[in-house]
Amino acid sequence: IILPTTSHSRTFGSYIKQAETLYKQSKALVSNNKFTKAVQKLKHALAYTNTAKSLAFSKKEISHVADLTKRCICNIGYYYDRGRKYIKARNYYRQCLATNLKPRQEKAIKQALQIVKEKILKMLATLIIKSNPTQADVHIIKLTKEKSSGVTGKTTYVTQLEPGRYKLILRLSGYQT
């Protein structure tokens, strides 16, 4: 997300106001079950809070930015959860826990995170890879928009995978792939 460059005409207050407006718009979208659009609004709001953070001078301004950032991050997790995107929800709930939460908020986020983890476990697929002859190198690469990540091992290989697209490579010296 690219924001206009900071100039003297754009102040801390204008960035915070825009972030708060986007935050309120996300709430309205959620009430209409438009979770993806609500997440987009909150991600835009986070971009504004990041800019506002660089312009904050007083302790009160810094605290206000931190609070709004925390609300955005925690709500992104909640909106992903409601939209059944549990892996993304888990990631944002973890980020939320890294912010300065009140004990009651922390307890609620930990409970939500535990429920999401249980939902993810139910979604996992077990993959068993065997080869003849055995001891072939196994490379499993998860293909995502952000980055590719992989695991390696030797056959017979057993793993659990989250939903997604994967590339599977088996190699053994003296054999063609």
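- Atom NZ of K70 has more than 12 neighbouring heavy atoms from other residues, nucleotides or ligands inside a 6.0 Å radius.
- Within a 6.0 Å radius of OH in Y23, more than 12 heavy atoms belonging to other residues, nucleotides or ligands are found.
- Here the closest heavy-atom approach between residue A19 and residue Y48 is recorded as CB-CB, 3.8 Å.
- To the nearest 0.5 Å, atom SG of residue C96 and atom OH of residue Y93 are 8.5 Å apart.
- Residues V138 and T159 form no side-chain contact, since every pair of their non-hydrogen atoms from C-beta on lies 4.5 Å or further apart.
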Step-by-step side-chain contact (heavy atoms from CB on, under 4.5 Å) determination, I76 to Q95: CA-CA 10 Å; I76 289 172; Q95 286 181 43; over 6 Å; no
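- Atom CG of N32 is surrounded by more than 12 heavy atoms from other residues, nucleotides or ligands within 6.0 Å.
- Under a 3.5 Å cut-off, the side chain of T51 and the backbone N or O of A47 do form a donor-acceptor pair.
- Judged purely by atom type and a 3.5 angstrom limit, E61 uses its side chain to pair as donor or acceptor with the backbone of S58.
- Side-chain contact, Q25 with K41: a donor N or O sits under 3.5 Å from an acceptor N or O.
- If you take OH on Y86 and CG on L121, they are separated by 13.0 Å, rounding to the nearest 0.5 Å.
- Atom NZ of K117 sits about 13.5 Å away from atom CD1 of I87, to the nearest 0.5 Å.
- Counting heavy atoms from C-beta on, the side chains of N33 and R82 come closer than 4.5 Å.
- Note that the CG atom of L55 and the CD1 atom of I16 stand 9.5 Å from one another [nearest 0.5 Å].
- In this structure C72 satisfies the disulfide bond (SG atoms under 2.5 Å apart) test with no other residue, sequence neighbours excluded.
- The environment of K107 atom NZ is sparse: at most 12 non-hydrogen atoms of other residues, nucleotides or ligands sit within 6.0 angstrom.
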Full working for side-chain contact (heavy atoms from CB on, under 4.5 Å) between T126 and I128: CA-CA 7 Å; T126 300; I128 302 170; 4.3 Å; yes
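- To the nearest 0.5 Å, atom CD of residue Q105 and atom CD1 of residue I109 are 8.0 Å apart.
- Taking the six-membered ring where tryptophan is involved, the planes of F35 and Y79 are tilted, since the angle between them lies from 30° to 60°.
- Residues passing the ring-ring contact (aromatic ring centres under 6.0 Å, His included) test with Y80, sequence neighbours excluded: Y92.
- For K119, the NZ atom is densely surrounded, since the number of other residues' heavy atoms within 6.0 Å is greater than 12.
- Across every non-hydrogen atom of L68 and E20, the tightest pair is CD2-CG, 3.8 Å.
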Test salt bridge (Lys or Arg N to Asp or Glu O under 4.0 Å) applied to E106 and K110, step by step: CA-CA 6 Å; E106 184 176 347; K110 282 182 177 179; 3.1 Å; yes
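- Judged purely by distance below 3.5 Å, without hydrogens or angles, the side chains of N50 and Y15 never pair a donor atom with an acceptor atom.
- Contact annotation: the side chain of P133 approaches that of L172 to within less than 4.5 Å [non-hydrogen atoms, C-beta and beyond].
- The two residues V30 and A38 make their nearest non-hydrogen contact at CG2-CB, 3.5 Å.
- Within the model, atoms CG of L29 and OG1 of T36 stand 10.0 Å from one another, a figure rounded to the nearest 0.5 Å.
- Checked by atom type and distance alone, the side chain of D67 never pairs as donor or acceptor with a backbone atom of S63 at under 3.5 Å.
- Taking 4.5 Å as the limit, every side-chain heavy atom of T155 sits out of range of all side-chain heavy atoms of K130.
- No path of Ile, Leu, Val, Met, Phe, Trp and Tyr side chains, each step under 4.5 Å between heavy atoms, connects L161 with V158, placing them in separate hydrophobic clusters.
- For the pair K154 and D137, the tightest heavy-atom approach, listed with the atom from each and the gap, is NZ-OD1, 2.6 Å.
- Using a 4.5 Å heavy-atom cutoff, the side chains of Q160 and L127 are not in contact.
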Stepwise side-chain contact (heavy atoms from CB on, under 4.5 Å) test for I169 and I141: CA-CA 8 Å; I169 301 168; I141 303 164; 4.1 Å; yes
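- Shown here are the salt bridge (Lys or Arg N to Asp or Glu O under 4.0 Å) partners of E162, two or more places apart in sequence or in another chain: R90, K142.
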Evaluation steps, side-chain contact (heavy atoms from CB on, under 4.5 Å), between L97 and L113: CA-CA 10 Å; L97 286 172; L113 180 59; 3.7 Å; yes
